[in-house]
Novice: 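Please see the structure below; I have some questions.
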Amino acid sequence: PGFHGTMAAVAGRIGDIVPHPGPPPVFHQPPWSVLSVLADRDYTRRPPWSPREESSMTSVLIWTTVAVFFLQWLTRDQIVAWLALSPADIQRLQLWRLGTYLFAHGGFFHLFMNMWALYLFGRPLESALGGHRFLNLYFTSGIIGGLVWLFFNWQSPLSAVEGASG
């Protein structure tokens, strides 16, 4: 048959093996995929550079605590004398310390662990409760934690506590 006849026969056989291009095949995804798992996350729905609609109380608490820690560093911890909670100071009726000890921290690791925990647990709690109720819960829990600490340390007037972990 010659060269062209042989090529036609080979092309006919290839045509039998390779189907004629039709609609592309449909690939079925499993009921879940990486995209569907992440789709409900806020950070996947908006670009990271876009501002939030409202500032979260969790972020405000974290940035306030970081600012107080920076002040501690600048004053070489002298500000802690006005923020930490101790039985002697409560006996002198310095009741503001029941709220201010939450913002002082004993070191960078202490600050980092508390702020990480606040970020991990605070955001879903704030989302569920709303900003103002979350803030009320945060301070109420801190004050109750401080009162419990005072109960167990009342006879130790030289002891003091700082940080939201109590």
Side-chain angles (χ1 to χ4, degrees), residues 27-166:
F27 296 103
H28 295 284
Q29 290 185 342
W32 64 271
S33 68
V34 172
L35 295 178
S36 67
V37 170
L38 296 176
D40 66 336
R41 312 277 170 89
D42 182 43
Y43 57 84
T44 62
R45 289 186 297 225
R46 64 177 178 80
W49 59 85
S50 68
R52 291 182 166 260
E53 298 82 34
E54 59 186 64
S55 63
S56 72
M57 292 298 172
T58 304
S59 298
V60 169
L61 287 171
I62 289 172
W63 285 111
T64 303
T65 307
V66 169
V68 169
F69 186 76
F70 183 68
L71 284 173
Q72 280 181 243
W73 179 75
L74 284 178
T75 64
R76 295 192 173 106
D77 285 336
Q78 291 178 1
I79 195 171
V80 174
W82 289 97
L83 300 176
L85 177 63
S86 73
D89 294 324
I90 295 301
Q91 290 169 1
R92 288 193 293 263
L93 297 178
Q94 297 178 0
L95 301 178
W96 70 82
R97 293 172 183 269
L98 284 167
T100 59
Y101 85 97
L102 298 167
F103 295 101
H105 285 79
F108 179 77
F109 186 73
H110 183 203
L111 173 77
F112 177 77
M113 294 306 290
N114 277 10
M115 295 306 99
W116 186 41
L118 179 57
Y119 180 79
L120 290 178
F121 298 111
R123 293 185 61 131
L125 267 174
E126 181 181 359
S127 179
L129 297 175
H132 294 293
R133 290 179 65 199
F134 170 72
L135 204 57
N136 286 337
L137 175 67
Y138 183 82
F139 281 109
T140 302
S141 300
I143 290 169
I144 290 172
L147 290 171
V148 169
W149 183 88
L150 283 169
F151 177 78
F152 287 105
N153 293 283
W154 193 255
Q155 299 301 319
S156 307
L158 298 178
S159 64
V161 67
E162 56 188 30
S165 53

Novice: Working to the nearest 0.5 Å, report the span between CG of Leu102 and CD1 of Ile143.
Specialist: 7.5 Å
Novice: Looking at Ser86 and Ala160, would you say the former's side chain and the latter's main chain have a donor-acceptor pair under 3.5 Å?
Specialist: no
Novice: Could you state the interatomic distance from OH (Tyr101) to CG (Leu150), rounded to the nearest 0.5 Å?
Specialist: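 Answer rounded to 0.5 Å: 8.5 Å.
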Novice: For the side chain of Glu162 and the backbone of Gly106, is there at least one donor-acceptor N/O pair under 3.5 Å apart?
Specialist: yes
Novice: With heavy-atom distances below 4.5 Å as the criterion, would you say the side chains of Phe103 and Thr64 are in contact?
Specialist: yes
Novice: Go through the steps to decide whether Ser159 and Phe152 satisfy the test side-chain contact (heavy atoms from CB on, under 4.5 Å), and finish with yes or no.
Specialist: CA-CA 11 Å; Ser159 64; Phe152 287 105; over 6 Å; no
Novice: Rounded at 0.5 Å granularity, tell me how far CG in Asn153 sits from CG in Leu158.
Specialist: 11.5 Å
Novice: Which heavy-atom pair separates Met115 from Ile62 by the least distance, and what is that distance?
Specialist: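 For Met115 versus Ile62, the nearest heavy atoms are SD-CA, 3.8 Å.
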Novice: Taking the side chain from Gln72 and the backbone from His105, do they hold a donor-acceptor pair closer than 3.5 Å?
Specialist: yes
Novice: Calculate, to the nearest 0.5 Å, the distance between atoms CG and CD1 belonging to Leu137 and Ile144 respectively.
Specialist: 9.0 Å
Novice: State the OG1-CZ distance between Thr58 and Phe121, to the nearest 0.5 angstrom.
Specialist: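 Output value for this atom pair is 12.5 Å.
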Novice: State whether the side chain of Ser127 and the backbone N or O of Arg123 hold a donor-acceptor pair below 3.5 Å, judged by distance alone.
Specialist: no
Novice: Please assess Leu98 against Ile90 for the test side-chain contact (heavy atoms from CB on, under 4.5 Å), listing each intermediate value before the final yes or no.
Specialist: CA-CA 8 Å; Leu98 284 167; Ile90 295 301; 4.2 Å; yes
Novice: Report the relative orientation of the aromatic rings in Phe134 and Tyr138; use parallel for angles under 30°, tilted for 30 to 60°, perpendicular for over 60°.
Specialist: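 The arrangement is tilted - the two ring planes meet at 30° to 60°.
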Novice: Would a line drawn from the ring center of Trp116 to the ring center of Tyr119 be shorter than 6.0 Å?
Specialist: no
Novice: For Trp63, look at atom CH2 and say whether over 12 heavy atoms of other residues, nucleotides or ligands are found less than 6.0 Å away.
Specialist: no
Novice: What distance do Leu135 atom CG and Phe139 atom CZ have between them, rounded to the nearest 0.5 Å?
Specialist: 5.0 Å
Novice: What pair of heavy atoms forms the shortest contact from Leu83 to Thr100, and how long is it?
Specialist: O-OG1, 2.9 Å
Novice: Tell me whether Glu126 contacts the main-chain N or O of Met57 through its side chain, where contact means a donor paired with an acceptor under 3.5 Å.
Specialist: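 Yes, because the side chain of Glu126 sits within donor-acceptor range (under 3.5 Å) of the backbone of Met57.
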